Colleague: 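Got a structure for you, questions after.
Note that the numbering runs from 1 along the sequence shown for the chain. Whatever order the structure lists ligands and atoms in, that order sets their numbers, starting from 1. Remember, it's a predicted structure, so these values are computed and weren't measured experimentally.
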Amino acid sequence: MDHAIPKNLPALLPIVKYGHPVLVKKAKPVATVNEAVLRLIPVMFNTMYAEPGIGLAAPQVGISLRIMVVDVGPDGKSQPLALINPRIDARKGHIKSEEGCLSFPGIQVTVPRAAYVKLSAINEKGFPITVEAEGLLSRCLQHELDHLDGVVMIDHLSMPQRLKTLWDIRQRKKDGLW
Ligand code: NI
C-alpha cells in the first residue's frame, strides 16, 4: 500500500534509490488535500533540504502519490513550492543540461528538456495555482513531474549513454557509494 501516507511520519524520510519499484510506477492523484497530505509536505521539504536537494517527488520517499516539492529560489534565496497533482499545460524550446537526482547518488547525466514550461497544480492550501518557469526551475519541475509518472532521468538517455550510467551505478554499488 504505497499510496497511503504513514500515520507516524518521522522528521525526515529515507530516500529510495533507483532500482526500487516505486520509482518506475505511475503515482496516484491526490483525491483531497487532507490532514495526511498537510503533514507529509513539510516532511518532504525537510527531507529535501537535509540531503540537500532542490526538488523531491513523493515516490522518492516511497509514497506513490502525485505530490512534489521544489525550492529553486533565484540567487540562493528560498522559494519553496509544493505542487499537488501537477500537470504541464505548455512547453516551449529545448535545452540540454546536466542533472542529478537524490535517487541516483553521485550520478550526473545530460538530459534534454523543454526550456519553458507552464504548469497547473493544487497548492498545499488546496487552491489551484499556475507556475511558469524557465532555466533551473523549469528543468527541476520537469524532472520531478517525471517521477510522478514513473520516469527517471536516465530514461531520457540514448541506449549507449544509459548503459554507461547503469555501469557507473554498478561500480558505485561495488565501491559502497550507493
Ligand atoms: Ni529525481
Colleague: What pair of heavy atoms forms the shortest contact from Arg66 to Pro86, and how long is it?
Modeller: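 Taking Arg66 first and Pro86 second, the nearest heavy atoms are O-CD, 3.9 Å.
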Colleague: With 2.8 Å as the threshold, which protein atoms of type N, O or S lie near the Ni ion (ligand 1)? Leave waters out.
Modeller: Cys101 SG, His143 NE2, His147 NE2
Colleague: Run the side-chain donor-acceptor check on residues 166-178: report pairs under 3.5 Å with partners two or more places apart or on a different chain.
Modeller:
unit_1: Asp168; atom_1: OD2; unit_2: Lys164; atom_2: NZ; d: 2.8
unit_1: Arg172; atom_1: NE; unit_2: Pro105; atom_2: O; d: 3.1

Colleague: Could you go through residues 40-47 and list every donor-acceptor pair under 3.5 Å that involves a side-chain atom there, pairing it with any protein atom two or more places apart or in another chain?
Modeller:
unit_1: Asn46; atom_1: ND2; unit_2: Pro42; atom_2: O; d: 3.4
unit_1: Thr47; atom_1: OG1; unit_2: Leu13; atom_2: N; d: 3.0
unit_1: Thr47; atom_1: OG1; unit_2: Val43; atom_2: O; d: 2.7

Colleague: For Arg39, I'd like to know if atom CZ has over 12 heavy atoms of other residues, nucleotides or ligands within 6.0 Å.
Modeller: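 It does: Arg39 CZ has more than 12 such atoms within range.
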Colleague: Scan residues 16-25 for pairs that pass side-chain hydrogen bond (donor to acceptor under 3.5 Å, both in side chains), counting only residues two or more places apart or in two chains.
Modeller: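 Listed by first then second residue: Asp2-Lys25.
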Colleague: Determine, stepwise, if the pair Val33 / Asn123 fulfils side chain to side chain contact (heavy atoms under 4.5 Å, CB included).
Modeller: CA-CA 9 Å; Val33 181; Asn123 70 7; over 6 Å; no
